[in-house]
Q: 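Would you mind keeping the following structure in view while I ask a few things?
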Amino acid sequence: GGLPGPPGMRGGPAAQSILQWKGPKPKVPMKPVQWVKMPNQKIHKTVFKDFKADQLDIDVKVLEKLFAAADPEEKKDDKKKEGVPKEIAVSMIEAKRQQNVAIFIKTFKMPVEDLEESILMLNEDLLNIETVTKLLDNLPEEDEIKAIKNWLAADTANNLLTKMSPVDQFFMGLGKIPGVRQRLECLQYKLQF
């Protein structure tokens, strides 16, 4: 005899022995692995039942290089690089309007040049009723175009459109189209019927 094992334990040497990794251990912290560990009771039913990690020829240095967690020194260097200020885009547009139009531009995903051509040609394949309505809501006002032009004219050598925010560039692109609001309103009317 003796006492029976705790509930849930089955007999057999594979189920009762606890398998542990006997292979080489990494010398650096490793990235976490996103998996669920298999219970020892199930290993005897897999290809790993006769697996002997200590008999494998594993190049640990390569694995450490590929799967090492980020080095704290590297993180410090990244923070130093982030500390270098990027050139901030200039904008003549009020902040809230800038934000709303920027969201529209990101969802629209069409270069300003293509949009200009589509509006000039009244291209119904690219400009549907929803797009035209949103464009009408996000058209530049005359005073916004004037402010952008004044900034560009103030110092033609340094004040370039490429230094301006995407919203300002978008507004200048649409501002070049003669009668853009009337064109879009006509197209919107036509698309409704």
Side-chain angles (χ1 to χ4, degrees), residues 28-37 63 65-193:
V28 296
M30 304 299 277
K31 292 179 184 174
V33 179
Q34 305 297 324
W35 65 23
V36 178
K37 187 176 178 182
L63 292 176
K65 184 177 178 184
L66 292 172
F67 299 104
D71 185 21
E73 292 299 318
E74 287 179 23
K75 286 184 181 179
K76 288 179 186 175
D77 291 343
D78 289 346
K79 287 182 181 176
K80 287 178 187 174
K81 289 176 188 173
E82 290 173 11
V84 176
K86 293 181 182 177
E87 191 171 318
I88 298 172
V90 177
S91 181
M92 299 292 114
I93 310 304
E94 185 262 324
K96 186 169 179 144
R97 174 132 162 93
Q98 166 99 9
Q99 182 180 14
N100 291 337
V101 177
I103 292 168
F104 166 71
I105 292 171
K106 286 181 183 174
T107 59
F108 194 57
K109 297 180 183 171
M110 183 189 292
V112 178
E113 298 78 21
D114 295 347
L115 179 61
E116 288 174 36
E117 186 177 330
S118 297
I119 292 172
L120 287 168
M121 303 305 288
L122 298 176
N123 185 343
E124 293 178 33
D125 294 330
L126 295 174
L127 299 173
N128 58 34
I129 187 74
E130 182 183 337
T131 304
V132 171
T133 304
K134 287 181 181 178
L135 274 168
L136 283 166
D137 292 340
N138 290 288
L139 282 179
E141 301 295 331
E142 284 183 39
D143 60 326
E144 293 169 329
I145 295 291
K146 187 176 180 181
I148 295 169
K149 285 181 178 178
N150 287 342
W151 183 82
L152 291 169
D155 185 359
T156 54
N158 294 317
N159 293 358
L160 305 172
L161 188 59
T162 54
K163 290 184 177 181
M164 298 194 88
S165 76
V167 172
D168 292 65
Q169 294 178 29
F170 177 77
F171 279 0
M172 280 303 289
L174 293 181
K176 290 190 273 184
I177 301 170
V180 65
R181 183 171 298 280
Q182 292 80 6
R183 286 174 189 266
L184 289 172
E185 287 171 347
C186 288
L187 183 59
Q188 182 183 38
Y189 182 77
K190 180 181 177 194
L191 291 171
Q192 289 175 345
F193 300 103

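Quantities reported herein were computed from a predicted structural model and do not represent experimental measurements.
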Q: Show me the donor-acceptor pairs within less than 3.5 Å that the side chains of residues 174-193 make with the rest of the protein, sequence neighbours left out.
A:
{"residue": "Arg183", "atom": "NE", "partner": "Pro178", "partner atom": "O", "Å": "2.9"}
{"residue": "Gln188", "atom": "NE2", "partner": "Thr133", "partner atom": "OG1", "Å": "3.1"}
{"residue": "Lys190", "atom": "NZ", "partner": "Glu124", "partner atom": "OE2", "Å": "2.5"}

Q: Compare every heavy atom of Phe171 with every heavy atom of Asn138, then report the nearest pair and how far apart it is.
A: O-CE1, 3.3 Å

Q: How close do Leu126 and Ser118 get, heavy atom to heavy atom, and via which atoms?
A: CD1-OG, 3.2 Å

Q: Taking all non-hydrogen atoms of both residues into account, name the closest pair between Gln98 and Ile93 and its distance.
A: OE1-CB, 3.6 Å

Q: Any chance you could measure Gln99, atom CD, to Ser91, atom OG, to the nearest 0.5 Å?
A: 12.0 Å

Q: Kindly indicate whether the side chain of Thr107, heavy atoms from C-beta on, has any atom under 4.5 Å from the side chain of Lys109.
A: no

Q: With Met121, which residues qualify under side chain to side chain contact (heavy atoms under 4.5 Å, CB included), at least two apart?
A: Glu117

Q: Side chains of Ile119 and Leu127: does their closest heavy-atom pair fall under 4.5 Å?
A: yes

Q: With sequence neighbours left out, what residues match Phe108 under ring pair (Phe, Tyr, Trp, His ring centres under 6.0 Å)?
A: Phe104

Q: List the atom of Gly173, the atom of Val112, and the distance in Å for their closest heavy-atom pair.
A: CA-CG1, 3.6 Å

Q: May I have the list of side-chain donor-acceptor pairs in residues 146-154 shorter than 3.5 Å, sequence neighbours left out?
A:
{"residue": "Asn150", "atom": "ND2", "partner": "Lys146", "partner atom": "O", "Å": "3.3"}

Q: What residue pairs, at least two apart or across chains, pass salt bridge (Lys or Arg N to Asp or Glu O under 4.0 Å) with a residue in residues 152-169?
A: none

Q: Compare every heavy atom of Leu161 with every heavy atom of Met172, then report the nearest pair and how far apart it is.
A: CG-CD1, 3.7 Å

Q: Drop me the distance from Phe170's CZ to Met164's CE, to the nearest 0.5 angstrom.
A: 15.0 Å

Q: So, using side chain to side chain contact (heavy atoms under 4.5 Å, CB included) as the criterion, who are the partners of Asn128 when residues are at least two apart?
A: Glu130, Thr131

Q: Of all the heavy-atom pairs spanning Lys96 and Glu94, show the shortest one and how long it is.
A: N-OE2, 3.1 Å

